[in-house]
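In listed order, ligands and their atoms are each counted from 1.
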Amino acid sequence: MRIGIPAETIAGETRVAATPETIRKLLAKNHQVIVETGAGINSSIPDTAYQEAGARMGSAAEAFASDIVLKVRAPTETERPLMQSGTVLIGMLNPFDAENITKMAAQGLTAFSLEAAPRISRAQSLDVLSSQANIAGYKAVVMAADTYQRFMPMLMTAAGTVKAARVLIMGVGVAGLQAIATAKRLGAVIEASDVRPPVKEQVESLGAKFIDVPYETDEEREIAQGAGGYARPMPEAWMKRQAALVHERAKQADIIITTALIPGRKAPILISDDMVKSMKPGSVIVDMAVEQGGNCTLSEPGKTVTRYGVHIIGIPNLATFVAADASALYARNLLDFLNLILDEDNNLAINLEDEIVAATRMCANGEVFRK
Ligand code: NAD
């Protein structure tokens with residue numbers, strides 16, 4: 001098969017869908033690989049590294065004119081027409097963007113969006129949400145530490161003692177767990193909150209304190225279990241109790257990292273104007289949910305703003321700031337997915353009995369499958 005790797009053209013997207021490592025593996029299976037010139041440059045992969053791995057470099061049009069196209073982000077209006085009908089496109093295509101999926105279907109593409117993979121053990125090696133959220137959680141803490149004008153660890157010096165920073169993590173999925181681990185390595189004292197009950201044990205095993213918001217009704221308990229590993233919106237009464245507890249913790253916190261998401265919906269509001277007002281001057285909030293509307297009422301997408309003396313970082317897509325490793329992990333996710341849709345002779349074999357293949361297929365033969 002001919003496999004194309006175009007450069008990403010969306011502003012701020014630094015990642016690339018294949019690395020010399022994954023290209024070597026594709027070539028070993030007798031595929032041809034065409035990489036757009038300069039595609040890896042923002043991920044610290046020069047064209048020469050791709051060439052040494054055996055890839056052919058070409059134009060965007062040549063990369064898109066392939067049997068299989070590997071992308072990071074959904075194709076733009078300019079990119080989509082460069083693909084022929086029948087092309088298999090794999091990437092993070094946003095399963096909730098119905099308009100784009102309809103356009104891809106009209107173009108005759110067979111498109112797979114890996115964010116839609118089910119959260120089952122077999123899908124872990126191709127789970128792009130996890131690979132990228134892990135990196136983003138790390139970067140959120142590093143960015144916060146950079147903006148924060150004090151030490152993270154406790155320090156005892158001849159000139160006196162410096163207290164450890166207090167970090168509050170809201171939402172402990174993949175990104176939140178990595179944020180806890182990273183803040184811990186930097187010596188902070190950490191508290192965390194989430195709606196899902198299994199998170200308490202994970203938080204405590206990383207040496208952080210879990211903020212227990214008790215469930216008062218069976219309905220709350222049932223909703224908190226989530227579905228397929230994901231959270232569902234909690235009832236208003238629970239959210240109020242959580243807000244009251246979080247408000248108290250926010251007053252003490254030096255850094256708050258918010259990561260709370262509910263798939264396909266606006267992110268829940270967890271940090272209100274009043275909470276920001278009550279925080280210490282110089283404290284830092286990183287709102288990782290800013291693209292989904294934000295967990296903090298005062299965060300602004302793409303900006304770092306200072307409100308009531310608190311620095312609020314609303315930079316989206318933090319994995320793009322660790323582009324080399326984000327690309328390396330993402331490219332491996334794609335390679336694992338390819339193994340699911342290619343047979344032993346390396347021909348396409350799209351098996352819809354496979355729940356991962358079925359869940360990630362957005363469109364084919366002009367039909368949209370995403371409900
Ligand atoms: P996510 O990015 O969808 O959400 C981030 C976190 O926000 C979640 O933990 C969620 O419970 C939390 N949240 C939502 N509303 C909240 C609120 N009001 N207050 C506080 N927190 C709130 O989640 P994710 O990182 O994609 O992971 C979700 C779960 O799926 C994790 O337990 C993860 O370990 C699991 N997972 C399983 C697999 C697998 O088995 N293949 C793969 C990846 C993740």
Through direct or indirect side-chain contacts below 4.5 angstrom among Ile, Leu, Val, Met, Phe, Trp and Tyr, which residues connect to Phe151?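 Joined to Phe151, directly or through intermediates: Leu155, Val162.
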Short side-chain to backbone donor-acceptor contact, Lys303 and Gly314, under 3.5 Å: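 Such a contact is absent between Lys303 side chain and Gly314 backbone.
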Could you list the atoms of ligand 1 found under 4.0 angstrom from a heavy atom of [X]?
{"X": "Asp127", "result": "42 (C), 43 (C)"}
{"X": "Ala231", "result": "10 (C), 11 (O), 14 (C)"}
{"X": "Pro268", "result": "15 (N), 18 (N)"}

Any atom of ligand 1 sitting under 4.0 Å from a heavy atom of [X]?
{"X": "Arg196", "answer": "yes"}
{"X": "Gln202", "answer": "no"}
{"X": "Ser130", "answer": "yes"}
{"X": "Met170", "answer": "no"}
{"X": "Leu270", "answer": "yes"}

Does the side chain of Arg15 reach to within under 4.5 Å of the side chain of Thr320, using non-hydrogen atoms?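 Side chain of Arg15 against side chain of Thr320, heavy atoms only: contact under 4.5 Å found.
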Heavy-atom pair of closest approach, residues Ala231 and Ile262: O-CG2, 3.7 Å
Residue pair Gln51 / Thr48, side-chain donor-acceptor N/O under 3.5 Å: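 The answer is no; no qualifying pair exists.
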Any donor-acceptor N or O pair under 3.5 Å, side chains Lys29, Asn339: yes
Please work out, at 4.0 Å between heavy atoms, whether the side chain, the backbone, both, or neither of Leu177 comes within that distance of ligand 1.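 Neither part.
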Scan the side chains in residues 304-312 for donor-acceptor partners under 3.5 Å anywhere in the protein, sequence neighbours excluded, and list what turns up.
| unit_1 | atom_1 | unit_2 | atom_2 | d |
| --- | --- | --- | --- | --- |
| Thr306 | OG1 | His311 | ND1 | 3.0 |
| Arg307 | NH2 | Glu300 | OE2 | 2.9 |

Non-hydrogen protein atom less than 4.0 angstrom from atom 30 (O) of ligand 1: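 When distances to the protein are checked, atom 30 (O) of ligand 1 has a heavy atom within 4.0 Å.
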